Amino acid sequence: MTRATREKGRDGVRTIDLPDHGSGHSAPLTHVGFRADGQRLATCSYDGTVIVWDTGDPSRPTPLARLRHRRLVNASAWNPADPEVLATASADKTVAIWRVGEQGQTTLHTVLARHTDDINSVAWLPDGERLICVSEDGRATLWSAVDGAFIAEVGSHEAHCMMVSVSAQGLVATVGEDGLVAVSDPDTTAEPRTRRYDSSIEGCAWSHSGRLLAVARDDGAVDLLTADLDVVRTVPVSTSAARAVAWAEDDSSFVVGAYDGALHYFDVVGTRLHRVEDRRVWPRSVAVAHGVVAAGSFWNGPHLYDLHTAQEIAAPDGATHGPNALAQHGDELLIGTDSGLVVAVTTDALGTETVRTTAFTDGPILSLATDGATVWAGTYSGHVLRHDGTTLATSTDLGAPVPSLALHEGTLVAGTYNGEFLLLAHDTLEVVERIQAHDGSVKSLTAVDQGFLSAATDRTVEAGGPHGRSKLWEHGNLVNAVAALGTEAAASASRDHTVKAGRLTRLPDGTWRAENVQTLLGPDESVKCVALLGDAEHPVVLAGSYDFGLYAWQVDWDDSATTLASGHVLAEFAQGLSCMLRLTDGTVAVAGWDGRVLVVGLDRAGRPQVRHSLHLGELLTASTTSDRAAAARTMESRAA
């Protein structure tokens, strides 16, 4: 199928088509937002929907309405002047303004003109008629919610603008991955006040009085700033990045969500009050209203806690099983999921799948590695788990999520959100050495002979051993994945919407060099995963994107124009693609967050084709109603 024949909606953007997950979401929750009275909570999700919950009784949150976008939804904001009006911000590059009645009846009031990039956050001005949108392109823009008209650009960042918060006095604070904090008044022509940090800033929130601005720092601290951006207090929170912050209504305390997978409660002088850890929680978003704390989740609904005691009030009732990682274990394909299950699938010559499941944890598995006998899993909670077929063991808390794993000369290398390589003893999981390897999260590791490749949010792709590594190339934005074809070719996938491929050479002094580096175009959104097929002289590059497309290019090292023209869409998913794995028989397994898994190989002419397809959700459902369930129970009992 060529790109020209892709079936899309009338606006050119395909709709997410995930099955309903009971009364909740079908994918992890990206944002939570209380209405000021605490009676309603909006939750946003990767499944492209916003659910409005009745939280009048916070122990029993009840869905009232479901709103849809065409991509994942990043944020929402209730109107301060009209409690029935809700703004929702999406990766479909739109902000929608809805009216949600008390009984759940909904009306779409307007959609703001299409933005140039994903909308990360939205906030209302106190008049309830204007709102600020901030986006991946770094812009902060002011809009009229009355008629959807663009009013002005009120700020810009050099990298992604991640969050906006508006004070009671109408001051607009924006923060971004460039480390910039900016405060402006959209009703004046005064220049914004700014403060620059060395690391990314992803979260901010004004106190209700407007006297303090809390800023969540990538180094794990929260700064409390005045409106003039003077530091009142720095509060150490976590060994991993602080991501989101929300204030109690009397400004006496605040709650921080961090990438250590925990919620952290502090009073305004910086004294720690509570720490809540639940591996199902995704604390990229927190909200507080009327003594209740809400947090995002990897499961199908919000988590609610008491602000004063930190006791759980309500929790989601169902897991989502989106695949994040793949590994090959003998003749089994292992799939690591958001729910903490590792699903092992074996397909026979007739195409019949045999399934067994092992519950490694109750939070997301981000990475997998195996030596054929033992399976290792890296988790969002910051642990590495080891399963030898009988016993499940865990490392100590490593201080940050582990999105990548690779084996190197008998040692397990774990790449973390903190930019470290952690060298672990493969049998005891003891940390042998910590190496600060990248200036951003190590998103992907790929083992090659005499070394490994790494890709990180600092935009670089590197090669070598744990020390003295060589930079192969750099992208225009963070790099999500890297893959290799032996030691002769590599490819990487980036948020800059491109794939890069190059030939590799290992020099006598042990350094690595990339040649004939080519940039491959096609995806409309961030490219999440990548793999190579064929031989290094004429490789086929596969890549999966947040635009739901599986892309393929035939690489010609001598003619990059020919390579560029070869790109096409091989298959489409109902969600973004998440991970790929080159299998030993010359095929590639490809998984999407919709649960679909494809096996892709080459035909006799060297062209990629889909050889097999399965659906993780259907397999898990079938395994509870057929003989497959017996195999799953046997494996789980062994693990226990």
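Every value quoted in this text rests on a predicted model; they were computed, and no experiment measured them.
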Checklist entry - Does Ser45 reach the main-chain N or O of Ala27 with its side chain, forming a donor-acceptor pair under 3.5 Å? => result yes

Checklist entry - Are Glu158 and Leu180 side-chain neighbours, meaning at least one heavy-atom pair lies under 4.5 Å? => result no

Next on the checklist: Closer than 3.5 angstrom, by distance alone: can the side chain of Glu277 be matched with the main-chain N or O of Gly261 as a donor-acceptor pair?
Outcome noted: no

Next on the checklist: Could you measure the distance from the CD1 atom of Ile365 to the OG atom of Ser381? Nearest 0.5 Å is fine.
Outcome noted: 9.5 Å

Checklist entry - Is there a donor-acceptor pair under 3.5 Å between the side chain of Thr234 and the backbone N or O of Ala221? => result no

Checklist entry - With a 4.5 Å heavy-atom cut-off, do His329 and His387 have their side chains touching? => result no

Checklist entry - Could you walk me through whether Glu136 and Arg71 pass the salt bridge (charged side-chain N to carboxylate O under 4.0 Å, His left out) check? => result CA-CA 14 Å; Glu136 293 271 303; Arg71 286 285 189 272; over 6 Å; no

Next on the checklist: Does either side chain, that of Thr337 or that of Ser339, offer a donor lying less than 3.5 Å from an acceptor on the other one?
Outcome noted: yes

Next on the checklist: Just so I know, are the side chains of Val343 and Leu616 near enough to count as touching, which here means a heavy-atom distance under 4.5 Å?
Outcome noted: yes

Checklist outcome for this item: Closest non-hydrogen atoms of Ala456 and Gly440, given as atom of the first, atom of the second and distance, are CB-O, 4.0 Å

Checklist entry - What's the verdict on salt bridge (charged side-chain N to carboxylate O under 4.0 Å, His left out) for Asp219 and Arg217, showing C-alpha distance, side-chain angles and the deciding distance? => result CA-CA 5 Å; Asp219 62 5; Arg217 295 169 24 180; 2.5 Å; yes

Checklist entry - Thr457 versus Tyr417: any side-chain heavy-atom pair under 4.5 Å? => result no

Next on the checklist: Using salt bridge (charged side-chain N to carboxylate O under 4.0 Å, His left out), reason through Glu202 and Arg243 one step at a time and then give a plain yes or no.
Outcome noted: CA-CA 6 Å; Glu202 296 196 22; Arg243 177 61 176 85; 2.8 Å; yes

Checklist entry - Hey, are the side chains of Leu407 and Leu412 touching, using non-hydrogen atoms and a 4.5 Å cut-off? => result yes

Checklist entry - Side chain of Asp458, backbone of Asp439: donor and acceptor closer than 3.5 Å? => result yes

Checklist entry - Do Asn418 and Thr416 have side-chain atoms, one donor and one acceptor, less than 3.5 Å apart? => result no

Next on the checklist: If we ignore hydrogens and angles and just use 3.5 Å, is the side chain of Arg611 paired with the main-chain N or O of Leu602 as donor and acceptor?
Outcome noted: yes

Item to check | Side-chain donor/acceptor of Trp553 to backbone N/O of Leu521, under 3.5 Å | outcome: yes

Checklist entry - Could you go step by step and tell me if Thr563 and Leu520 meet the side-chain contact (heavy atoms from CB on, under 4.5 Å) rule? => result CA-CA 7 Å; Thr563 300; Leu520 313 179; 3.2 Å; yes

Checklist entry - Hey, mind stepping through His408 and Phe421 against side-chain contact (heavy atoms from CB on, under 4.5 Å) and telling me if it holds? => result CA-CA 12 Å; His408 173 68; Phe421 293 159; over 6 Å; no

Next on the checklist: If you compare all heavy atoms of Ala455 against all heavy atoms of Val479, which two are closest, and at what distance to 0.1 Å?
Outcome noted: CB-CG1, 3.5 Å

Item to check | Atom pair OH (Tyr46) and CD (Gln575), whose distance is rounded to the nearest 0.5 Å | outcome: 8.5 Å

Item to check | His264 backbone acceptor or donor facing Arg272 side chain under 3.5 Å | outcome: no

Checklist outcome for this item: In short, Ala244 meets Ala216 closest at the heavy-atom pair N-CB, 4.2 Å

Checklist entry - Who are the salt bridge (Lys or Arg N to Asp or Glu O under 4.0 Å) partners of Asp260, not counting sequence neighbours? => result Arg275

Checklist entry - Looking at Ser545, Cys529, Pro323, which hits side-chain contact (heavy atoms from CB on, under 4.5 Å) with Leu577? => result Cys529

Checklist entry - Quick check: does any side chain N or O of Ser395 sit under 3.5 Å from a backbone N or O of Val384, one acting as donor and the other as acceptor? => result yes

Item to check | Passing candidate, side-chain contact (heavy atoms from CB on, under 4.5 Å) with Arg196, options Asp178, Val181, Ile201 | outcome: Asp178

Checklist entry - Is it the case that Asp223 and Tyr197 place a side-chain donor and acceptor less than 3.5 Å from each other? => result yes

Checklist entry - Between Phe452 and Thr446, does a side-chain contact (heavy atoms from CB on, under 4.5 Å) hold up when you go through it step by step? => result CA-CA 5 Å; Phe452 55 90; Thr446 297; over 6 Å; no

Item to check | Greater than 12 external heavy atoms within 6.0 Å of Asp603's CG | outcome: yes

Item to check | Short side-chain donor-acceptor distance under 3.5 Å, Trp593 and Asn324 | outcome: yes

Checklist entry - With Ser121, which of Val175, Val134, Asn74 fulfils side-chain contact (heavy atoms from CB on, under 4.5 Å)? => result Val134

Next on the checklist: With a 3.5 Å distance limit and no angle check, can you tell me whether Arg459 reaches the backbone of Gly476 through a side-chain donor-acceptor pair?
Outcome noted: yes

Next on the checklist: Could you measure the distance from the OG atom of Ser135 to the CG atom of Asp118? Nearest 0.5 Å is fine.
Outcome noted: 8.5 Å

Item to check | Candidate pair Met580 and Leu550, rule side-chain contact (heavy atoms from CB on, under 4.5 Å), full reasoning | outcome: CA-CA 11 Å; Met580 291 185 181; Leu550 171 60; 3.3 Å; yes

Checklist outcome for this item: Given the options Ser492, Ser526, Ser494, Cys579, Asn480 meets side-chain contact (heavy atoms from CB on, under 4.5 Å) only with Ser526

Checklist entry - So how far is it from Tyr551 OH to Leu570 CG, rounded to the nearest 0.5 Å? => result 11.5 Å

Item to check | Donor + acceptor pair across side chains of Asp117, His160 (<3.5 Å) | outcome: no

Next on the checklist: Tell me if a side-chain donor or acceptor on Thr379 pairs with a main-chain N or O of Val402 at a distance below 3.5 Å.
Outcome noted: no

